[in-house]
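Take a look at the structure below.
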Amino acid sequence: MNVEELEPKYLRFQEEVEKVSKKHGLDFFETVFYMTNWEDQIQIIGYGGFPRRPHHWKFGQDAYEFEQQNRYGVSRVYEMVINNDPCYAYIHKSNSDTEIKFVICHVYGHNDFFKNNIWFSKTNRDMVREMNWHAEKVDRLEQRYGQPEVEKMVEICMSLDNLIDPMSVFLNPDFETIEKRVREAEMPRERPRLHNTGDRYLDSVLNTKEHRLKEMRRIHRENKEGKRFPRNLQKDVVKFIIDNAKYRNHNLPDWKLDMLSLFRDEFYYFAPQRSTKIMNEGWATYWHHKLMIEEGFVGDKGVFDFSKIHSGVTAMSNGQFNPYALGLKMWEWIEHRWDTGKHGPEYDKCDDRLTKFNWDTKEMNGKEKIFHVRKYYNDIMLIDEFFDKDFCDANKLFGYGQELPQELTRDKQISGIKKYILGKLYNSGEPIIFVKDGDFNNKGELLLHHDFEFAYKTLDIKKTIQVMKNLRTIWGKDISMDTKRPNTTKSKKNRGEYEHVRLMVTESSVVSRIIGNNDSILKEEDLDV
Amino acid sequence: MSGSIDRDKQRFIDITKDRTRKRLKDMLKRGEIIGKRDGKIVKVPYDVIELPRIKYHSGEGGEGGEGDGSGDGDHGEKKPSDEIGEHELEAFDLEELAEELLAELELPKIEPKGCRMIQSHNEKLKTINRVGPQGRIHKKRTFKNALKRSMASGSHYPGKIVSPVRPDRRYRSFKPEFTPEMNAVIFYIMDVSGSMGQEQKEMVRTMSFWVDLWLSKNYKAIESRYIIHDAAAKEVDRDTFFTTREAGGTMISSAYLKTAEILQDNYKPEEWNIYILQGSDGDNWSKEDTSLCFQILNRDLLPHLNLLGYVQTRSPYGSGQYLQDIIDNYNLKDENSKILTTEIADKAGIFDSIKDIFGKGK
């Protein structure tokens, strides 16, 4: 890529923007803007914002589709910005003067968010170089083991991108490995805790038969629980595989696990971007609007152009969810509430709509509040806390469509809308999969568990089976997964709406078993996938 | 790192083409592709490849309602919709497509009739070359070069003797000129009379499209002439041929006459491979006209032709008599017969028809 730096007049503009936004309290990494041409733009978009990533046709597909759809400039990507220190941003060369200015302001919003939001605090700030290194590493593997082999592995890695636990970077859990288990097994076994009496009579009184039995049972139970591997459900399936697959699959070459851990780093890098999409985009939109209009960076000539761009960015199109628009409204709403003091117990107690509407204590804490929210919140917290009836009323939100409730009362409808949005945000809208047993059937097989009760949605069986097949090539032994699906048996015994199935991928077949209570197998059928 | 994505893009296109190829025959049959021709590029819908991920079963919203659970149960199978992205288009090269067609139909390569002038050397010495026989040395150019070299080296002064060395020498030489190896012309004749329904015309057009493709694969230069006829024939351009709707009676002889006329004026039979593809529902005006047809065929057309492909579409109105007449009048089973006939019942039959006509390599 032959990237160009900004023209001098925009560099001066950039300095101005930095000065003013610092005055407003924004705090950002150093920002480097590059002008790209059409080819580079395609490449950067194909690679999700990065100049280089490991080769894979999936990126090619994204680039190709983008190229096909945007050849005539129907829709455009104004800006690409990378969470990195220094922060890199790309602007397309053909952008007009106003568009370039708009992008520069917008990027500072993102930049500030990346730097200060707590959910980003654990991401790698040198990801551009890191990613380049990943690409280099995969290239070398390709030279050594051949392109088809490596491509297959990249595909497997990419199919596991939602089997991670974004929260684990903050909790630093003790990931269980087989090695640790082996070490534990060598420690002395626990003995029954009996009262030390030294007297046969006292012994028979204090350490009664019942007491001994109780102790034995306790040890037995603890041993049994202790044998479970992992002891607790582990959400980071990828990590579990990286740690333990080499003990299960002796033919697994090291480079495959190496590659998986490279990709795991990428998954964790991208995870917070998914969980703060609304906030992040809203924040950048809020600030570009503020800087361009209130601070007058737009200039006299650009107002019309800017309004056009801004309304395009925040347009609510039919059937699509626009994080820019919702985010912007949320930020404005929070600022408004804390500016006018529309919060606290007194405000909540008030029943009169008009009083509520005209509520104004001249508190003017809005700015402080939004910076606070920007630092500590993510999308779920944001929606959960600030998406309320007044917000819906102010923005004329209503429920419509199959998935949204058609309730008659406004309150119920709003809680339905909220539930719907939150449902899309929990775990970034991905199913939750745990490792339940790393030594299933005592044969070293892997048992995964889909937390169905979390969202009450069934899995796409076909895709799931494909992922399990991918996992099997790494794990080397059979993979099973517990999940639920709509009830198929018409028997009276099993009247529930959903039935418990265990999908099993073995070397030659794919089986689904309907599991009853006490792990008994009610029915077994071959799946043809 | 320039163009790093190009490799990925190419890889993706290769994969997609491989996948599309497998479905190509079906698409060809359904005639989906024809409208999407844009110069030499044909656009073909392809499936968006999704990487497998564990995700929720789409099309099931939120919590299953009361009546939801007792469904038919075979979920996971009832969703072919996300497999093929109809609006996605991918460009196939036309020639590539013809290659596919060839592979699919196992058609033999066409053997051009007669021998043509292959490549003619122009007699005049037209160009300059660095090597050649001494007799053809171009003195002026040679000395000019020598002077240039001498001046460039800085040692030249006016009056100095210029002496050419070997690299300065220039020779006159022939420039070989190529003329097309074989020429071919194809006449598309379509019956647009009232008895030909929209569907029948569509079949003829689809057929024409593939025949055009197949012949252009075999000949370097190919000309196409389009003739439509009802009771009278006229020559039209390509677009009209593919879009026209007319109605009226049917006189096939008029089309033959028109063809013979164009043929006589423009194409010397010894220099051209001549094809006629005729599409009709076989419902001619009268017996007299049919016999007139055969007269023209015998006298003006058949001696010069490579092939007359007669495609009869099955129509609810037509009698299909013309096909029977051809069969009665000509010995089609003969190896050297220049007339080949085929009958198409519906669109799926187009492929077999192409094979019928070009299966003999004429």
Side-chain angles (χ1 to χ4, degrees), chain A residues 1-2 39 42-44 46-47 51-53 55-61 63-65 67-68 132 135 151 155 158-163 402-403 419-420 423 429-431 433 450 455-470 481 485-488 490 496-498 527 529, chain B residues 1-20 36 38 41 43-83 85 87-91:
Chain A
M1 285 201 327
N2 33 12
E39 282 79 24
I42 290 168
Q43 171 155 346
I44 287 164
Y47 286 147
R52 193 180 169 200
R53 273 177 92 168
H55 280 298
H56 194 261
W57 55 259
K58 180 71 189 159
F59 300 129
Q61 178 175 5
Y64 184 82
E65 271 167 21
E67 197 181 352
Q68 295 295 312
N132 195 29
E151 184 179 75
E155 216 163 295
M158 280 165 61
S159 70
L160 305 178
D161 74 338
N162 52 355
L163 302 182
Q402 283 186 336
E403 288 180 49
K419 210 168 155 191
Y420 171 75
E430 306 281 357
I433 309 288
H450 166 223
Y456 278 89
K457 285 186 197 167
T458 52
L459 294 181
D460 183 340
I461 301 285
K462 212 170 161 185
K463 295 248 158 68
T464 307
I465 295 284
Q466 277 170 331
V467 173
M468 284 164 72
K469 278 180 177 167
N470 285 349
M481 181 188 281
R485 66 170 186 198
N487 211 338
T488 52
K490 301 277 188 280
E497 204 176 305
Y498 294 96
L527 288 179
V529 183
Chain B
M1 73 188 182
S2 136
S4 178
I5 197 86
D6 289 348
R7 196 192 112 174
D8 298 337
K9 224 156 63 182
Q10 197 50 49
R11 181 86 188 100
F12 160 71
I13 290 170
D14 290 346
I15 289 174
T16 315
K17 274 189 180 169
D18 272 357
R19 291 165 63 107
T20 310
K36 288 164 183 164
D38 171 23
I41 298 295
K43 287 180 168 180
V44 176
Y46 70 92
D47 6 343
V48 179
I49 318 169
E50 260 185 71
L51 285 184
R53 283 170 92 242
I54 298 183
K55 59 171 196 177
Y56 290 127
H57 187 249
S58 55
E60 189 191 70
E63 308 104 300
E66 242 84 37
D68 224 355
S70 58
D72 42 10
D74 57 345
H75 68 142
E77 289 153 44
K78 54 179 176 186
K79 50 187 288 282
S81 55
D82 69 344
E83 293 291 301
H87 46 274
E88 313 287 351
L89 294 168
E90 204 219 334

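- Looking at every heavy atom in both residues, Lys457(A) comes nearest to Tyr56(B) through CB-CD2, 3.5 Å.
- Across all their heavy atoms, Asn470(A) and Pro52(B) have their closest contact at ND2-CG, 4.0 Å.
- Once rounded to the nearest 0.5 Å, the distance linking NE2 of His57(B) with OG1 of Thr458(A) reads 6.0 Å.
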For the pair Lys55(B) and Lys463(A), evaluate side chain to side chain contact (heavy atoms under 4.5 Å, CB included) and give the outcome as yes or no after the intermediate values. CA-CA 7 Å; Lys55(B) 59 171 196 177; Lys463(A) 295 248 158 68; 4.1 Å; yes
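- Two residues are said to be in side-chain contact when any heavy atoms from C-beta on lie closer than 4.5 Å; Glu155(A) and Leu51(B) meet this criterion.
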For Ile54(B) and Met481(A), what are the C-alpha separation, side-chain angles and deciding distance, and is it a side chain to side chain contact (heavy atoms under 4.5 Å, CB included)? CA-CA 11 Å; Ile54(B) 298 183; Met481(A) 181 188 281; 3.6 Å; yes
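- A distance of 4.0 Å separates CD1 of Ile5(B) from OH of Tyr47(A), quoted to the nearest 0.5 Å.
- By number of non-hydrogen pairs under 4.5 angstrom with chain B, the leading residue of Leu163(A), Asn162(A), Thr464(A), Ile433(A) is Asn162(A).
- Every salt bridge (charged side-chain N to carboxylate O under 4.0 Å, His left out) that Glu151(A) has, sequence neighbours left out, goes to Arg11(B).
- Residues passing the side-chain hydrogen bond (donor to acceptor under 3.5 Å, both in side chains) test with Lys9(B), sequence neighbours excluded: Glu67(A).
- With rounding to the nearest 0.5 Å, the separation of CZ in Arg53(B) from CG in Leu459(A) is 12.5 Å.
- Atom OG1 in Thr16(B) sits 8.0 Å away from atom CH2 in Trp57(A) (nearest 0.5 Å).
- For Leu160(A), no part lies under 4.5 angstrom from a heavy atom of chain B.
- Here NZ of Lys58(A) is found 8.5 Å from CZ of Phe12(B). Values are rounded to the nearest 0.5 Å.
- To the nearest 0.5 Å, atoms NE2 (His55(A)) and OG (Ser4(B)) are separated by 4.0 Å.
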